[in-house]
Protein chains: 2
Amino acid sequence: MAADTNSIDKRTPVTRRRDKDKTIAALKRAARQQLILEGGTGLSIQPILNMAGVSRGALFHHFPTKNHLIAAAFFDLMDDMAERLGALGEALREGSIGRSDFVERVRDAYCSDIFVGSMDIAVKTRAEPELRALVDEGVDDWYVVLAAFWQDTFELPGFGGAEADQHWVMASNLLRGHAFASIYRSTPEIRRAFCASFEEMILAQAVIKPLSPQNG
Amino acid sequence: MAADTNSIDKRTPVTRRRDKDKTIAALKRAARQQLILEGGTGLSIQPILNMAGVSRGALFHHFPTKNHLIAAAFFDLMDDMAERLGALGEALREGSIGRSDFVERVRDAYCSDIFVGSMDIAVKTRAEPELRALVDEGVDDWYVVLAAFWQDTFELPGFGGAEADQHWVMASNLLRGHAFASIYRSTPEIRRAFCASFEEMILAQAVIKPLSPQNG
DNA sequence: TACAAGATACCGACTAGTTGGTATGTAAGA
DNA sequence: TCTTACATACCAACTAGTCGGTATCTTGTA
């Protein structure tokens with residue numbers, strides 16, 4: 001009935017991006033952003049789509065479920081975090097920053113949106129097995145990267161291998177715990193006190209590994 | 001139309017509890033349970049009502065919003081946690097448990113559902129100002145309780161007041177960080193290693209305060 | 001170079017279900 | 001009879017995910 005007139009005149013052809021990589025990147029970036037802004041609880045699809053400027057169809061074309069997107073965003077977060085720490089380690093080893101600067105910046109990295117956002121996901125996985133299954137592997141990787149970061153940056157003279165490992169595990173525990181507390185309360189004094197204590201408790205016995213071995 | 005026949009015959013008068021305190025307690029208990037089971041994300045009203053055996057109307061009669069209930073449940077969790085720690089402190093001081101036992105049990109308390117559940121809420125508040133406003137005060141209290149717990153249990157000879165405070169803050173950071181990591185991975189070895197390290201890093205310089213001063 | 005055929009990227013209306021919260025009514029106790 | 005403590009039906013907003021269809025790119029053929 002009324003076929004011709006009914007044929008919708010809103011034929012706005014809609015230019016499409018048609019760039020897989022960019023679309024996926026935009027989705028992941030938006031998911032990260034939303035995760036940081038809204039936390040794990042309020043992380044829903046529509047705002048991500050709006051922020052990314054991508055349609056629902058495109059999202060589900062590239063990711064089978066929302067959780068797959070979240071997991072992908074999570075991996076990106078962890079990669080960023082690893083990169084950030086790695087750069088700090090190098091800076092310390094090449095001498096462009098000092099010990100205290102190093103500690104402060106590592107602390108800041110842990111208390112940053114990047115890491116706190118990842119905590120959101122970590123907590124989320126506790127009750128969501130599907131998300132957890134997707135993320136699990138990445139967490140394993142993260143702990144490996146983390147251990148390597150400390151071991152590459154510092155020597156612990158007189159420590160056995162397992163002993164040293166455990167030392168850095170405790171360092172990570174301190175940073176994690178402090179970062180978590182910082183969600184609630186973070187003042188310059190707390191920050192300063194933490195960094196001082198951390199240096200004393202963790203790095204007192206540690207020797208910085210020189211960056212270029214042939215230079216030592 | 002058909003007024004009489006339409007008048008639903010499922011007039012089961014439904015016996016009512018009519019016990020304010022019990023109803024509220026049931027709601028809070030159910031909320032706690034759901035929080036532990038489902039985490040902050042999946043924490044919705046209907047399952048809480050089912051578990052508590054309470055109607056929607058009753059919930060919103062006693063709590064203006066869902067967040068008020070969550071906050072109340074959160075406070076209960078923290079109270080339990082405080083009580084649990086307090087008991088451990090006393091047990092140590094009266095000599096019924098040893099140092100290592102004490103450390104293990106404090107660790108276990110932190111890694112228990114109680115504390116991990118509270119972490120869920122803590123993370124949730126990051127992006128939910130309304131919930132945060134309700135919970136904030138309780139968190140302040142918690143930190144006070146926590147500080148008191150350590151100070152009441154141990155003496156730190158040679159430490160200044162601020163120095164001692166900071167020492168216990170770091171102890172809490174360690175426990176928090178470890179508890180958080182335990183969401184993902186928790187093995188007997190990790191537990192043992194943590195407890196050993198904790199005792200060494202935190203309690204090496206600490207002296208247990210005797211329980212009854214007139215006995216010292 | 002031209003054009004057809006097929007694959008891939010994408011769009012947005014729609015569905016089925018859930019959410020927190022409310023309006024209205026009713027039973028119990030003072 | 002009046003208040004408090006509850007119960008139930010309902011609502012608007014939002015949820016993740018699907019589906020039919022469309023735009024664009026790629027590749028094979030002439």
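Not measured: the values here are computed from a predicted model. Every chain is numbered from 1, with letters handed out A, B, ... down the list of sequences.
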Checklist entry - When the aromatic ring centroids of Phe154(A) and Phe102(A) are compared, is their separation below 6.0 Å? => result yes
Checklist entry - Please give, in whole Å, the distance from dA13(C) P to Leu49(A) CG? => result 13 Å
Next on the checklist: Does dA9(C) have OP1 or OP2 under 4.0 Å away from a side-chain N or O of His61(A)?
Outcome noted: yes
Item to check | First encountered from the 5' end of DNA chain C, between Arg56(A) and His62(A) | outcome: His62(A)
Item to check | Whether over 12 other heavy atoms sit under 6.0 Å from Glu94(B) CD | outcome: yes
Next on the checklist: Quick test of your reading of the model: are Asp152(A) and Lys209(A) salt-bridged, counting only N-O distances below 4.0 Å?
Outcome noted: no
Checklist entry - Checking all strands, does Leu59(A) fall into the base, sugar-phosphate, or nothing category for heavy-atom contacts under 4.0 angstrom? => result nothing
Item to check | Nearest-angstrom distance from the residue atom CD of Gln46(A) to P of dG17(D) | outcome: 14 Å
Next on the checklist: With a cut-off of less than 4.0 Å, is there a side-chain N or O of Thr23(A) near OP1 or OP2 of dA9(C)?
Outcome noted: no
Item to check | Side-chain N or O of Ser55(B) closer than 4.0 Å to phosphate OP1/OP2 of dT8(D) | outcome: no
Checklist outcome for this item: Heavy-atom nearest nucleotide on DNA chain D taken for Pro47(A) and for Gly57(A); more 5' hit belongs to Pro47(A)
Next on the checklist: Measure CG/Leu131(A) against C1'/dA16(D) and give the value in whole Å, please.
Outcome noted: 14 Å
Checklist entry - Is any NZ, NE, NH1 or NH2 atom of the basic residue among Arg192(B) and Glu104(B) found under 4.0 Å from an Asp or Glu carboxylate oxygen of the other? => result no
Checklist outcome for this item: Separation of dC10(C) atom C1' from Asp21(A) atom CG, nearest Å, is 15 Å
Next on the checklist: What is the separation between atom CD1 on Ile45(A) and atom P on dG12(C), rounded to the nearest whole Å?
Outcome noted: 16 Å
Next on the checklist: Could you tell me how far apart Leu43(B) (CG) and dT18(C) (C1') are, to the nearest whole angstrom?
Outcome noted: 14 Å
Next on the checklist: Looking at Asp108(B) and Arg191(B), is any side-chain nitrogen of the basic one under 4.0 Å from a carboxylate oxygen of the acidic one?
Outcome noted: yes
Checklist entry - So, are Asp113(B) and Arg32(B) salt-bridged, with charged N and O less than 4.0 Å apart? => result no
Checklist entry - Quick one, which residues of residues 63-75 of chain A touch DNA chain D with a heavy atom under 4.0 Å? => result Thr65(A), Lys66(A)
Checklist outcome for this item: Atom NZ of Lys22(B) and atom P of dC6(D) are separated, to the nearest Å, by 11 Å
Checklist entry - Rounded to whole angstroms, how far apart are CZ on Phe60(B) and P on dC11(D)? => result 17 Å
Checklist entry - Does a side-chain N-to-carboxylate-O contact under 4.0 Å join Asp76(A) and Arg29(A)? => result no
